[in-house]
Amino acid sequence: MPRQVDYEERRLRIAEAVCALIARSGMEAVSLRDVAAEADVSMGAVQRCFRTKEDMLLFALEHISQRVSERAEQRIAATSTPQAASALLSHTLAELALLDEESRAQAHVWLAFVSHAPASERLATVLRETYGKLHDLVVWLIRYGQDTREIPPHLDAVQEAHTLLAVADGLTVHVLAGQHSPETAAAVLQRHVDRLVR
């Protein structure tokens with residue numbers, strides 16, 4: 001009896017292959033043939049999972065967006081004892097900026113999708129939705145700090161979150177370009193957080 005194929009597992013495997021190719025060689029490296037080889041599946045299997053290349057890229061972006069969001073949320077959930085809002089905010093922003101060595105490949109992939117988004121409204125929509133969720137998370141952390149009186153109540157949490165998210169995003173680019181080390185980028189983020197609690 002033929003082995004049952006786990007369709008969703010195969011789609012995730014193909015998405016991981018797309019991300020690995022982008023991390024190594026950029027968006028241009030994503031061809032049907034190369035994705036199939038990277039995922040160790042047939043080209044027919046890729047075509048059965050995704051109607052078009054854009055569908056495949058879209059699924060891969062949704063996959064990596066979910067991973068970025070989950071990393072930030074897990075950082076908060078892993079805190080066993082109550083932490084200061086500034087510490088939670090610093091750790092969360094560092095996760096979102098993808099500053100550590102383990103996140104370097106993910107940062108390459110994320111920026112490749114960002115640069116490709118103007119040519120694809122569907123990719124741009126997923127990015128906007130992801131940024132929206134991340135923004136909501138940062139707003140929640142700032143308001144938590146206001147509830148605990150660590151962050152002044154007169155500050156506009158929505159606007160401050162826009163600034164912090166933009167700084168974190170920009171630092172991702174600067175680290176990949178060699179303008180900042182992960183350590184100096186983390187220090188920049190910390191200065192922005194410290195500015196809120198003074």
Side-chain angles (χ1 to χ4, degrees), residues 1-75 77-78 92-137 165-166 168-180 182 185:
M1 193 172 167
R3 189 171 63 88
Q4 189 74 21
V5 173
D6 185 332
Y7 183 71
E8 196 58 27
E9 187 276 334
R10 178 168 283 177
R11 281 163 59 87
L12 288 171
R13 186 170 167 183
I14 291 168
E16 291 286 355
V18 169
C19 292
L21 285 169
I22 294 173
R24 280 203 309 269
S25 310
M27 193 70 81
E28 305 75 27
V30 181
S31 70
L32 183 64
R33 183 181 305 280
D34 289 337
V35 169
E38 183 75 24
D40 196 25
V41 298
S42 68
M43 288 175 61
V46 177
Q47 290 170 316
R48 283 190 293 277
C49 287
F50 301 101
R51 254 182 342 105
T52 65
K53 179 179 175 178
E54 188 180 41
D55 286 343
M56 182 174 68
L57 289 173
L58 191 67
F59 184 80
L61 174 57
E62 288 169 344
H63 174 59
I64 198 168
S65 295
Q66 186 177 352
R67 283 173 56 189
V68 170
S69 299
E70 284 174 354
R71 276 172 57 114
E73 288 165 4
Q74 283 167 2
R75 170 68 79 146
T92 301
L93 289 168
E95 290 288 353
L96 299 183
L98 303 170
L99 296 181
D100 60 25
E101 193 59 42
E102 167 189 337
S103 303
R104 185 66 56 89
Q106 208 171 28
H108 276 284
V109 176
W110 181 258
L111 289 181
F113 276 115
V114 169
S115 66
H116 200 68
S120 169
E121 180 54 33
R122 293 173 73 200
L123 292 180
T125 298
V126 173
L127 284 169
R128 282 195 298 273
E129 289 171 354
T130 302
Y131 279 123
K133 289 175 187 170
L134 299 178
H135 177 260
D136 290 346
L137 177 61
L165 203 52
D169 218 33
L171 287 168
T172 305
V173 179
H174 284 212
V175 170
L176 288 181
Q179 175 69 17
H180 274 290

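Keep in mind it's a predicted model, so treat the numbers as computed, not measured. What you see below is based on every heavy atom in this structure, not just the backbone, and it leaves out hydrogens, waters and symmetry mates.
The two atoms that bring Ala15 and Ala60 nearest to each other are CB-CA, 3.9 Å, heavy atoms only. Thr172 approaches Ala97 most closely through the heavy-atom pair OG1-O, 2.8 Å. Minimum interatomic distance between Ala39 and Arg13 (heavy atoms only, all atoms of both residues): O-NE, 2.8 Å. For the residue pair Arg48 and Tyr7, the shortest heavy atom distance occurs at O-OH, 3.7 Å. In terms of heavy atoms, Arg104 sits closest to Val175 at NH2-CG1, 4.1 Å. The shortest non-hydrogen separation linking Ala112 to Met27 is O-CE, 3.6 Å.
Here CG of Leu171 is found 12.0 Å from CG of Leu96. Values are rounded to the nearest 0.5 Å. Here the OG-CD1 distance, from Ser69 to Ile64, works out to 11.0 Å after rounding to the nearest 0.5 Å. Between the CD atom of Glu54 and the CG atom of Leu61 there is a distance of 11.0 Å, given to the nearest 0.5 Å. In this structure, Arg122 CZ and Leu57 CG are separated by 10.0 Å, a value rounded to the nearest 0.5 Å. The distance from atom OG of Ser31 to atom CE of Met43, rounded to the nearest 0.5 Å, is 7.5 Å. Residue Asp40 holds its CG atom at 11.0 Å from CD1 of Ile14, rounded to the nearest 0.5 Å.
The closest donor-acceptor contact from the side chain of Ser25 to the backbone of Ile22 lies at 3.5 Å or more, if one exists at all.
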For this session: Carefully, step by step, assess Leu32 and Lys53 under the rule side-chain contact (heavy atoms from CB on, under 4.5 Å).
Result: CA-CA 8 Å; Leu32 183 64; Lys53 179 179 175 178; over 6 Å; no
For this session: Take Tyr131 and Val114 through the side-chain contact (heavy atoms from CB on, under 4.5 Å) test and state the conclusion after the steps.
Result: CA-CA 11 Å; Tyr131 279 123; Val114 169; 3.9 Å; yes
Exercise. Could you walk me through whether His63 and Glu16 pass the side-chain contact (heavy atoms from CB on, under 4.5 Å) check?
Worked result: CA-CA 8 Å; His63 174 59; Glu16 291 286 355; 2.8 Å; yes
Exercise. What's the verdict on side-chain contact (heavy atoms from CB on, under 4.5 Å) for Leu127 and Trp110, showing C-alpha distance, side-chain angles and the deciding distance?
Worked result: CA-CA 9 Å; Leu127 284 169; Trp110 181 258; 3.6 Å; yes
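Two residues are said to be in side-chain contact when any heavy atoms from C-beta on lie closer than 4.5 Å; Val68 and Thr130 fail this criterion.
With hydrogens and angles left out, the side-chain atoms of Glu121 and Thr125 include a donor and acceptor closer than 3.5 Å.
Using cut-offs of 30° and 60° for the angle between ring planes, the His180 and His174 rings count as parallel.
One finds no salt bridge joining Arg11 and Glu62 here, because no Lys/Arg side-chain nitrogen approaches an Asp/Glu carboxylate oxygen to under 4.0 Å.
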